[in-house]
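Chain letters run A, B, ... following the sequence lines, proteins first and then strands; every chain starts at 1.
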Amino acid sequence: VEQSPPQSPGPGKAGDAPNRRSGHVRGARVLSPPGRRARLSSPGPSSSSEAREELRRRLRGLIERSRVMIFSKSYCPHSTRVKELFSSLGVECNVLELDQVDDGAKVQEVLSEITNQKTVPNVFVNKVHVGGCDQTFQAYQSGLLQKLLQEDSAYDYDLIIVGGGSGGLSCAKEAAILGKKVMVLDFVVPSPQGTSWGLGGTCVNVGCIPKKLMHQAALLGQALCDSRKFGWEYNQQVKHNWETMTKAIQNHISSLNWGYRLSLREKAVAYVNSYGEFVEHHKIKATNKKGQETYYTAAQFVIATGERPRYLGIQGDKEYCITSDDLFSLPYCPGKTLVVGASYVALECAGFLAGFGLDVTVMVRSILLRGFDQEMAEKVGSYMEQHGVKFLRKFIPVMIQQLEKGSPGKLKVLAKSTEGTETIEGVYNTVLLAIGRDSCTRKMGLEKIGVKINEKSGKIPVNDVEQTSVPYVYAVGDVSEGKPELTPVAIQSGKLLARRLFGASLEKCDYINVPTTVFTPLEYGCCGLAEEKAIEVYKKENLEIYHTLFWPLEWTVAGRENNTCYAKIICNKLDHDRVIGFHILGPNAGEVTQGFVAAMKCGLTKQLLDDTIGIHPTCGEVFTTLEITKSSGLDITQKGCG
Amino acid sequence: MAAMAVALRGLGGRFRWRTQAVAGGVRGAARGAAAAQLGRKVAVVDYVEPSPQGTRWGLGGTCVNVGCIPKKLMHQAALLGGLIQDAPHYGWEVAQPVPHDWRKMAEAVQNHVKSLNWGHRVQLQDRKVKYFNIKASFVDEHTVCGVAKGGKEILLSADHIIIATGGRPRYPTHIEGALEYGITSDDIFWLKESPGKTLVVGASYVALECAGFLTGIGLDTTVMIRSIPLRGFDQQMSSMVIEHMASHGTQFLRGCAPSRVRRLPDGHLQVTWEDCTTGKEDTGTFDTVLWAIGRVPDTRSLNLEKAGVDTSPDTQKILVDSREGTSVPHIYAIGDVVEGRPELTPTAIMAGRLLVQRLFGGSSDLMDYDNVPTTVFTPLEYGCVGLSEEEAVARHGQEHVEVYHAHYKPLEFTVAGRDASQCYVKMVCLREPPQLVLGLHFLGPNAGEVTQGFALGIKCGASYAQVMRTVGIHPTCSEEVVKLRISKRSGLDPTVTGCG
């Protein structure tokens with residue numbers, strides 16, 4: 001239930017407000033005589049945020065109720081041109097002249113929050129923000145404007161979302177909650193090895209979920225070793241069974257797929273298991289497995305098609321190599337494995353495979369975990385190396401040959417040095433490529449409706465309200481350019497997008513201080529800036545970096561190595577030692593990091609860390625007792641105990 | 001009992017030590033080390049009075065020897081037992097059930113504790129803190145006296161004296177057989193042999209933690225609770241902690257109070273108890289009876305009256321002001337021995353450090369006892385910071401409090417087929433926007449790790465709105481905190497489904 005504060009009456013009661021101010025809004029229809037009056041700003045002495053909320057709601061109302069809504073200024077020649085254009089098309093418009101309204105400036109401000117456009121004219125057609133004068137004329141020339149004018153309820157759906165992953169589904173569910181008619185098109189093109197999966201996208205099927213579960217399986221292997229030190233007695237050599245684990249994980253994923261379908265059905269979202277391809281403005285072709293085509297139209301679209309693993313483009317790669325798309329449902333144990341790449345996907349997969357006792361080699365072209373703090377990345381790598389993962393640095397594969405078929409078979413990999421002419425050869429049962437991911441944007445008819453993509457990366461540039469170059473088309477998740485490729489980000493941006501499109505919300509997705517955790521055998525959690533980046537942005541002399549090695553209590557009795565886990569914070573000396581980078585390498589890094597992220601959102605400083613009491617004995621408490629700065633050069637190794 | 005003295009040499013004055021105190025445990029060490037770093041002459045006097053069962057230990061106080069450290073390690077042993085049961089679901093071919101050997105665990109834990117004792121000694125030495133392993137008591141307001149091993153009397157005097165002698169478990173001495181046959185947390189971690197079938201009496205976190213790990217390593221464990229569990233903690237969370245333990249094998253005798261303990265001819269202990277509502281008596285046989293009914297401060301043997309230090313007549317705890325000063329200007333008290341302070345190790349450490357910085361470092365920073373986070377290491381861990389729901393309602397009124405909550409399922413539980421009925425998180429906020437966070441309560445795996453960062457957030461004055469703008473880390477349990485959308489007031493189902 002929407003609550004109206006006592007001093008700001010609802011839309012229908014404006015005229016009866018007891019203390020209305022003298023100024024009124026002049027709303028004029030171009031084809032009808034001026035004089036219709038509407039009150040836009042809140043009349044009462046309520047707080048400014050309430051007044052703003054009220055104004056925004058009324059603007060939304062105007063936009064929603066008008067076939068064409070033009071926010072204009074009476075003296076502005078561009079506004080006049082736009083009005084004439086609609087007039088010549090014989091279309092009735094609702095016009096609000098901001099210069100004739102005493103709170104026009106406020107209206108303009110709120111409009112710029114809604115549309116990210118500060119200027120007039122500001123044109124909406126059938127609720128879609130078209131833009132200013134130039135964009136309106138462009139839309140007219142491209143036929144989009146006529147299309148927009150035609151639509152109204154003529155469309156099959158209010159919103160069609162292409163891609164049923166984290167971002168798409170959250171957007172769909174939220175739009176449905178807000179009463180819109182929504183469709184989700186989701187179709188998984190099988191991987192070159194023929195792997196395919198159900199609803200839910202990368203995270204659920206071939207990403208975070210199975211990855212974390214396999215990581216947990218590997219951690220359990222470690223726990224089994226530890227447990228003997230803690231008094232648990234068993235003598236047998238414990239072996240790991242890949243099929244048992246994979247089956248259990250796939251069962252869980254199937255239940256999630258089913259859960260997603262169920263929740264779409266509950267919210268009356270239409271789910272179509274077909275491939276979506278734009279054919280003209282507002283119209284998409286959906287092709288199912290059998291090749292049957294169906295056409296759907298919608299007022300607005302969201303592209304959330306995500307990314308798929310990249311191949312090397314060398315002889316034998318698509319025939320014989322697998323990717324993370326295949327690994328988690330591989331029906332047989334991969335055996336001796338070469339992982340190509342140094343992305344977090346590469347290191348995570350290598351980590352858990354080694355944890356099952358497999359012979360694992362990682363082939364790295366240049367650096368580990370590009371974009372992450374390099375000191376941390378190297379520590380992640382060296383822990384893996386100490387725990388049996390082999391690294392081949394500065395090599396790239398040039399050819400993959402099959403020596404033997406089988407489950408697994410035998411592959412010969414030929415690789416060359418990135419620095420010289422040296423080549424090496426190796427024989428593996430499985431080669432897993434994890435060299436990066438490509439957006440799924442090139443085969444969906446985007447060019448037909450004019451949605452621009454970055455030609456190089458295939459990603460879709462969007463503004464800060466997730467809008468593409470075509471006003472009624474939005475993009476969320478990994479396909480959108482320059483955004484963190486993370487499930488919670490996609491979920492958040494999808495949900496907020498739906499609220500902005502169909503609700504009364506203005507809230508934009510905040511991409512600052514987005515945390516993440518790499519689930520390598522020793523987990524790495526971080527938030528904010530990498531040390532390199534912090535130095536680049538703030539200069540070394542303005543930073544103070546506090547760090548320490550630590551020994552988790554559980555590791556002591558287990559006889560695991562001291563001076564391996566590491567904590568580091570980067571503080572900005574020019575801003576009260578504000579924490580701008582948070583890094584932890586240790587068990588449960590994800591669980592530790594989350595709360596600190598919330599604290600960073602609230603302006604965490606070193607002083608506050610010092611003033612906060614630790615929870616004893618945990619790993620997280622290490623951040624409340626950081627004393628040694630990197631610049632001091634003091635020794636951070638822990639001698640013995642305590 | 002554990003006593004620790006800090007003494008600082010005077011500037012050729014009338015005292016042999018310029019500052020002198022009697023204190024104990026981790027706090028003493030921390031404060032001593034800090035003072036020494038500030039260029040003072042410091043002595044620490046520490047002596048562990050053996051428990052009634054004869055258990056004794058080294059330097060470091062309760063936390064290191066008979067508290068947090070051995071407790072968390074035995075908790076970890078129990079958690080590993082759970083993980084061994086998970087392992088086959090994840091493909092590890094380990095034959096079940098796997099037996100547990102108490103002796104092996106206890107020895108490993110005790111060795112670690114001993115290495116910590118040694119570490120503390122070395123640390124004091126490194127910082128030139130004089131260490132006396134004597135039982136000290138006050139002679140006058142500037143002097144303490146103790147007897148060393150050889151019977152030699154040692155007199156120490158100082159300008160400043162800090163008391164940090166902590167507390168020891170309480171025995172219900174009115175119960176027949178309690179002292180003779182019962183043990184406490186002072187003994188449990190140092191037992192050479194498995195305690196066997198155990199009755200834990202009490203509802204404190206010590207009682208529940210001990211019962212939790214004993215059950216977890218496969219022992220038949222019963223907890224006898226007279227009234228409410230985890231007094232002072234959020235009661236909804238507390239009852240869920242109990243619910244979880246009960247569904248994982250710990251037996252509970254609620255509303256019962258023991259009346260006597262007898263040793264049977266076969267060596268077993270026969271405990272008789274009374275049902276407090278019906279008045280009916282019942283008996284049971286156990287191998288071990290563990291009292292965990294509270295702790296008493298270690299002040300009686302200090303001869304505080306000779307120095308003129310005031311204590312609370314009810315609790316015997318030392319009364320201090322916000323600067324940790326006692327009724328005698330140059331005598332201070334920190335840690336569990338002080339009236340009205342949270343009995344937590346990191347609190348004591350920080351209080352000690354801040355005190356020394358005020359005394360000798362020119363600082364005026366006071367200890368902030370608000371929003372102290374803590375975690376109860378029961379089988380399902382319970383982490384909390386800030387106000388309980390009851391306390392928030394009492395302070396602000398039901399109408400002004402909004403509680404957001406969720407039942408969630410940790411990802412790791414799914415494949416392992418574990419029951420997640422009690423995995424629950426709730427955030428207590430003011431209802432007025434932006435909805436300041438008053439308290440956070442988290443029940444689930446790794447609750448301590450989850451809670452620490454949020455404790456900082458609350459310290460920073462986090463609002464519900466700010467926490468909701470925080471991007472989650474997927475897939476973790478802690479992300480459930482930043483995804484809390486359902487308020488209790490709405491009456492909607494707070495069960496989390498899927499990833500969204």
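Aromatic ring pairs are classed by plane angle as parallel below 30°, tilted from 30° to 60° and perpendicular above 60°; the pair B/F213 and B/F189 is tilted. Taking the six-membered ring where tryptophan is involved, the planes of A/H240 and A/F356 are essentially parallel, since the angle between them stays under 30° and well short of 60°.
Ranked by heavy-atom pairs under 4.5 Å with chain B, the first of A/T244, A/I249, A/I615 is A/I615. Your options are A/T624, A/D611, A/L609, and the one with the most heavy-atom pairs under 4.5 Å with chain B is A/D611. Put simply, of A/L219, A/I512, A/V238, A/L486, the one with the most heavy-atom pairs under 4.5 Å next to chain B is A/V238. The most heavy-atom pairs under 4.5 Å with chain A, out of B/M74, B/H100, B/Q466, come from B/H100. Comparing A/V557, A/L553, A/V514 by how many heavy-atom pairs each has under 4.5 Å with chain B, the most go to A/L553. Interface summary for chain A: among B/V385, B/L73, B/I69, B/V450, the most heavy-atom pairs under 4.5 angstrom belong to B/L73. For the set B/T414, B/V467, B/L456, the entry with the most heavy-atom pairs within less than 4.5 Å of chain A is B/L456.
Residues satisfying the side chain to side chain donor-acceptor pair (under 3.5 Å) test with A/Q594, not counting sequence neighbours, are none. Take A/K606 and apply the salt bridge (Lys or Arg N to Asp or Glu O under 4.0 Å) test, not counting sequence neighbours, and it matches A/D610.
Counted by atom type alone, B/S478 and A/E591 present one or more donor-acceptor pairs between their side chains at under 3.5 Å.
For B/A95, the parts lying near chain A are the backbone and the side chain together; criterion is any non-hydrogen pair under 4.5 Å.
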